[in-house]
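All remarks here apply to the structure that follows.
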Protein chains: 2
Amino acid sequence: MSLQIDMENFIQYFSGNKLSIDSTNFEKFGLKAKLKHYQKGQQLITQGQPAPKLFFLVKGIVRYMSVSPEGKEFTQSFASAPSLSGSTRAMTRNVDALFSIEALDDVICLEFEWQVFFEQMKSQPGFLSAYNRLLENMFIKKEEREYAFVQQSAEQRYLTFLDRNPQLRDKISLKMIASHIGITPIALSRIRNKLK
Amino acid sequence: MSLQIDMENFIQYFSGNKLSIDSTNFEKFGLKAKLKHYQKGQQLITQGQPAPKLFFLVKGIVRYMSVSPEGKEFTQSFASAPSLSGSTRAMTRNVDALFSIEALDDVICLEFEWQVFFEQMKSQPGFLSAYNRLLENMFIKKEEREYAFVQQSAEQRYLTFLDRNPQLRDKISLKMIASHIGITPIALSRIRNKLK
DNA sequence: TGCTTCACTAAACCTAGGTTAATTACCCTC
DNA sequence: GAGGGTAATTAACCTAGGTTTAGTGAAGCA
């Protein structure tokens with residue numbers, strides 16, 4: 001897989017988010033990106049450590065997860081290629097990451113230094129609007145999740161999850177789904193049993 | 001309170017968010033804003049209805065709240081002047097609001113049509129960056145809240161709330177705090193009793 | 001072939017928080 | 001100052017989901 005093709009995907013991705021940049025214009029930017037490969041289980045960023053990087057997933061699936069002081073795992077979200085990935089908080093505020101991003105299968109991605117990326121991109125016409133659009137979407141998703149945690153039962157959250165993420169169904173374990181919807185694997189097993 | 005002073009606050013607010021616009025530049029924009037007054041209990045936007053407006057709170061406190069199909073209230077958040085207010089989802093996606101915004105005391109605010117506001121502002125140097133910054137902050141807050149709901153007990157969430165919102169403490173009822181941290185007023189009363 | 005590890009399930013028991021209902025304490029307004 | 005609302009508290013009881021422990025089956029490995 002050539003870098004050229006990856007950049008095409010990247011541009012495509014942003015185009016879908018209403019960013020109009022022609023690819024020649026974009027090429028010089030490509031030089032700043034590293035093409036990386038992560039094996040299943042490896043971490044792209046690590047909880048408690050600086051995470052100044054932005055990733056563009058070309059292939060594979062990742063999971064955002066953190067471990068509480070008491071040792072409980074929580075899965076904030078999943079992301080599958082093609083998509084942008086990284087910790088907004090850690091990148092933009094220059095603080096340590098509150099979660100890790102871990103590869104759920106073999107992952108190929110482009111890696112950018114956020115500060116450099118943002119400095120270069122913010123002058124590109126349309127970039128800031130595309131980034132706004134992205135942030136709005138991210139915010140709206142979190143809002144929906146907040147609502148689900150407070151107003152819905154675990155069973156409802158599980159059904160919603162299945163409904164919205166059919167492509168993940170066979171890729172991730174019950175344990176991960178459970179920690180994403182905020183219950184224990186045992187509780188999810190009970191729910192499954194009840195549903196069938 | 002003159003409109004002029006309100007615009008000053010508004011500019012000030014954005015300046016704090018790294019937007020540099022000189023006030024003369026801004027004046028022509030001011031003509032598009034309506035200065036509004038809401039009595040305690042009135043709604044700025046209403047759940048289930050279009051909410052294309054952006055508000056700049058000049059005075060007062062509001063609460064974002066929704067009622068579930070089963071009739072349970074949930075308080076998404078509070079906002080006190082000076083700050084921007086509105087439903088990101090409803091404004092930017094042109095859909096009905098999922099929550100209401102209700103005045104908790106007498107509220108004075110500037111009211112903008114989001115579409116017009118955004119169209120005019122997006123060409124102002126610095127505005128898109130300021131808006132990005134705002135969205136990032138909003139997202140990070142929701143992330144923290146998501147984490148709290150999953151990893152913390154109701155008691156911990158209550159203590160965090162008190163800690164972070166000392167200015168709200170005497171302005172809002174126990175019922176509202178309870179519905180904000182995701183429990184019933186009765187449960188919160190028990191927690192208070194246990195704590196004292 | 002056995003040994004280990006990990007994913008999932010199942011049963012028994014526990015607890016945080018929900019639900020219902022009663023009680024007090026306030027404000028209102030008439 | 002008598003009624004009617006609403007806010008907060010308390011107690012009794014209930015339930016969703018957590019915890020502990022045990023068991024099964026598949027995957028990896030010596």
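The figures that follow rest on heavy atoms only: side chains count, while hydrogens, waters and symmetry mates do not. Just so it is clear, the model here is predicted, and its values are computed rather than measured.
Residue B/Arg192 places its side chain closer to D/dT9 than to any other of D/dT9, C/dG17, D/dG17. Among C/dG17, D/dT10, D/dG18, the nucleotide with an atom closest to any side-chain atom of B/Asn193 is D/dT10. For A/Lys175, whose side chain is taken as the heavy atoms from C-beta onward, the closest listed nucleotide among C/dA10, C/dC8, C/dG18 is C/dC8.
C/dA7 atom P lies 19 Å from atom CZ of A/Arg190, rounded to whole Å. Look at NZ on A/Lys196: it is 13 Å from P on C/dC8, rounded to the nearest Å. The nearest whole Å value for the distance from the NZ atom in A/Lys40 to the C1' atom in D/dA27 is 12 Å. Rounded to whole Å, atom C1' of C/dC8 lies 12 Å from atom OH of A/Tyr158. Taking atom CD1 of residue A/Ile191 and atom P of nucleotide D/dG18, one finds them 8 Å apart after rounding to whole Å. Distance CG (A/Leu188) to C1' (D/dG18): 14 Å, rounded to an integer number of Å. The distance from atom NZ of B/Lys194 to atom C1' of C/dT15 is 12 Å, rounded to the nearest whole Å. We find that CE of B/Met176 is positioned 8 Å from P of D/dA7, with the value rounded to whole Å.
Taking side-chain N and O atoms only, B/Thr184 has a distance below 4.0 Å to OP1 or OP2 of C/dG18.
Residue-to-nucleotide proximity on DNA chain D shows that, of A/Lys72 and B/Ser189, the 5′-proximal contact is made by B/Ser189. Remark on DNA chain D: of its neighbouring residues A/Ile186 and A/Gln152, the 5'-side contact belongs to A/Gln152, judged by nearest-heavy-atom nucleotide.
Residue A/Ser173 is classed as a sugar-phosphate contact, given heavy-atom separations below 4.0 Å to backbone atoms only.
Side-chain contact between B/Ser129 and A/Leu128 is present, with at least one heavy-atom pair separated by less than 4.5 Å. A heavy-atom distance below 4.5 Å is found between the side chains of A/Tyr38 and A/Glu111.
Applying the ring pair (Phe, Tyr, Trp, His ring centres under 6.0 Å) definition to pairs two or more places apart or across chains, those involving residues 170-196 of chain A are A/Phe78-A/His180, A/Phe161-A/His180.
Judged by distance alone, the side chain of A/Ser100 and the main-chain N or O of A/Gln47 form a donor-acceptor pair under 3.5 Å.
Aromatic pair A/Phe117/A/Phe112: ring centres closer than 6.0 Å.
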